[in-house]
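Nothing here was measured: the structure is a model prediction, and the numbers come from that model.
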Amino acid sequence: MQKFFTTIAILLGVLVLSVPSFGQTQLTTTPRTSQKAATMQRIGLTDVKVVYHRPAAKDREIWGKLVPYGTIWRAGANENTVIKFTKDVTIEGEKLSAGVYGLHLIPEETGCTVIFSNNSTSWGSFTYNKAEDALRVEGKITPTMHKYEFLTVEFDKIERTSADLNFKWGKKKISFTIETDVDAAVIANLRNELRDRAGFSWQGWNEAAAYCLQNEVNLKEGLQ
């Protein structure tokens, strides 16, 4: 009888060890085919960061085929491509509040709809819901100088108050312009800093006034 109960206990132990725990995600340490990447650019005082996954072309025709025209695309692979703004921005002339957004694209032959979704935690665009849109703008799709084997996200045309964000893959790129109100952000920061240690010496007030004069902003308060 004792031997019988011992055998049952061993079998139950093997069974417990062999059944996966459904409360845990499996195989989290294996590398993905499309590796994770991130790029960040400061525009004025605003940090813009994009986190995405980089699929490879592998001799496939990208635009109109692998990424069909007129179809919503996750702007990468795997989970949502995510874009984060530390301050309010303007995208192609439209205002967007600071925050974290899921980024989706609808490419066409001559243009591209760029979607910023309030849902940034889903898997790709499969469960995309238009009701969760924070903003839609029209971006550009243009040829690139050379072929990009891996999806590459880069900033260029970087100015004091703006920059272009580009999604380059194959022989085309999707791009849109991000603008920030640098002077408004700086003035707000100066007012706050002058309430602290910097406000107890003439140098802090002098630097604040000099910024207003040099950039021809907030001149009345700068004179004071």
Side-chain angles (χ1 to χ4, degrees), residues 28 35-54 74-76 78-105 114-122 132-140 151-168 173-224:
T28 58
Q35 298 280 19
K36 188 176 184 179
T39 185
M40 191 278 286
Q41 175 67 46
R42 175 163 290 184
I43 307 172
L45 296 180
T46 303
D47 288 342
V48 182
K49 183 177 182 181
V50 182
V51 179
Y52 66 112
H53 292 80
R54 306 184 68 187
R74 69 185 91 181
N78 304 326
E79 300 93 344
N80 276 179
T81 292
V82 174
I83 188 167
K84 178 180 180 180
F85 306 99
T86 57
K87 296 183 183 298
D88 296 351
V89 295
T90 300
I91 312 290
E92 292 292 328
E94 300 291 335
K95 294 183 178 180
L96 183 64
S97 298
V100 180
Y101 300 94
L103 184 65
H104 307 269
L105 304 172
V114 183
I115 303 168
F116 300 86
S117 173
N118 287 311
N119 181 352
S120 63
T121 59
S122 294
E132 297 173 324
D133 284 4
L135 178 68
R136 280 188 173 213
V137 299
E138 290 303 311
K140 300 171 284 292
L151 176 66
T152 301
V153 179
E154 294 179 333
F155 290 86
D156 65 8
K157 298 183 181 179
I158 300 167
E159 305 289 346
R160 179 174 176 271
T161 62
S162 66
D164 279 4
L165 180 57
N166 304 280
F167 288 76
K168 302 176 181 180
K173 68 176 181 179
I174 292 170
S175 58
F176 54 89
T177 302
I178 303 170
E179 297 177 277
T180 66
D181 192 341
V182 176
D183 292 327
V186 170
I187 296 301
N189 281 359
L190 290 175
R191 291 182 183 133
N192 191 52
E193 289 182 38
L194 290 173
R195 298 176 63 187
D196 202 348
R197 188 174 180 178
F200 289 87
S201 68
W202 67 268
Q203 289 96 335
W205 295 94
N206 185 63
E207 289 179 19
Y211 179 88
C212 295
L213 179 61
Q214 291 166 3
N215 294 281
E216 299 182 357
V217 296
N218 199 45
L219 295 177
K220 184 177 180 180
E221 186 176 5
L223 179 62
Q224 293 173 345

Non-neighbouring partners of Ala37 that pass side-chain contact (heavy atoms from CB on, under 4.5 Å), sequence neighbours left out: Tyr52, Arg54

Looking at OG1 of Thr90 and CG of Leu96, how far apart are the two atoms once the value is rounded to the nearest 0.5 Å? 9.0 Å

Not counting sequence neighbours, which residues clear side-chain hydrogen bond (donor to acceptor under 3.5 Å, both in side chains) with Asp156? List them please. Asn166

By the definition side chain to side chain contact (heavy atoms under 4.5 Å, CB included), identify the one residue from Thr180, Ile83, Thr86 that meets it with Val48. Ile83

Heavy-atom closest pair (Ser97 atom, Asp88 atom, distance to 0.1 Å) is CA-OD1, 3.4 Å

Could you list the residues that satisfy ring pair (Phe, Tyr, Trp, His ring centres under 6.0 Å) with Phe85, not counting sequence neighbours? none

Rounded to the nearest 0.5 Å, what's the gap from CD1 on Ile91 to CD1 on Ile178? Could you check? 4.5 Å

Can you check whether Glu92 reaches Leu135 side chain to side chain, under 4.5 Å on heavy atoms? no

Looking at residues at least two apart in the chain, or sitting in another chain, which of them share a side-chain contact (heavy atoms from CB on, under 4.5 Å) with Glu138? Thr113

Those residues that, when tested against Asp181, pass side-chain hydrogen bond (donor to acceptor under 3.5 Å, both in side chains) (two or more places apart): none

For a side-chain contact (heavy atoms from CB on, under 4.5 Å) check, start with the C-alpha distance between Ile158 and Ile43, then their side-chain angles and the critical distance, and finish with the verdict. CA-CA 8 Å; Ile158 300 167; Ile43 307 172; 5.8 Å; no

Rounded at 0.5 Å granularity, tell me how far CZ in Phe176 sits from CZ in Phe116. 4.0 Å

All salt bridge (charged side-chain N to carboxylate O under 4.0 Å, His left out) counterparts of Lys87, not counting sequence neighbours: none

Return the minimal non-hydrogen interatomic distance between Glu79 and Arg74, and the atom names on each side. O-CD, 4.4 Å

Can you check side-chain contact (heavy atoms from CB on, under 4.5 Å) on Leu103 and Val82, steps first, answer last? CA-CA 6 Å; Leu103 184 65; Val82 174; over 6 Å; no

Going by heavy atoms in the side chains, are Phe155 and Val153 under 4.5 Å from each other? no

With sequence neighbours excluded, tell me which residues meet side-chain contact (heavy atoms from CB on, under 4.5 Å) with Glu159. Ser162

Who passes salt bridge (charged side-chain N to carboxylate O under 4.0 Å, His left out) against Asp164, sequence neighbours left out? Lys157

Less than 4.5 Å apart, side chain to side chain, heavy atoms only: is that true for Gln35 and His53? no

Ring pair (Phe, Tyr, Trp, His ring centres under 6.0 Å) against Tyr101, all qualifying residues, sequence neighbours excluded: none

Measure across Ser120 and Val100 and return the closest heavy-atom pair with its distance rounded to 0.1 Å. OG-CG1, 3.8 Å

When rounded to the nearest 0.5 Å, the distance separating CZ of Arg136 from CD1 of Ile115 is 3.5 Å

Do Val51 and Thr81 come within less than 4.5 Å of each other through their side chains, counting heavy atoms only? no

Can you list every side chain to side chain donor-acceptor pair (under 3.5 Å) pair that touches residues 36-45, not counting sequence neighbours? Arg42-Asp47

Could you state the interatomic distance from NZ (Lys173) to NZ (Lys168), rounded to the nearest 0.5 Å? 5.5 Å

Results of side-chain hydrogen bond (donor to acceptor under 3.5 Å, both in side chains) for Glu94 - residues two or more places apart only: none

Can you confirm whether more than 12 heavy atoms, excluding those of Lys84, are under 6.0 Å from its NZ atom? no

My understanding is that only residues two or more places apart in sequence, or in another chain, count here; which of them pass side-chain contact (heavy atoms from CB on, under 4.5 Å) with Ser117? His104, Asn119, Glu132

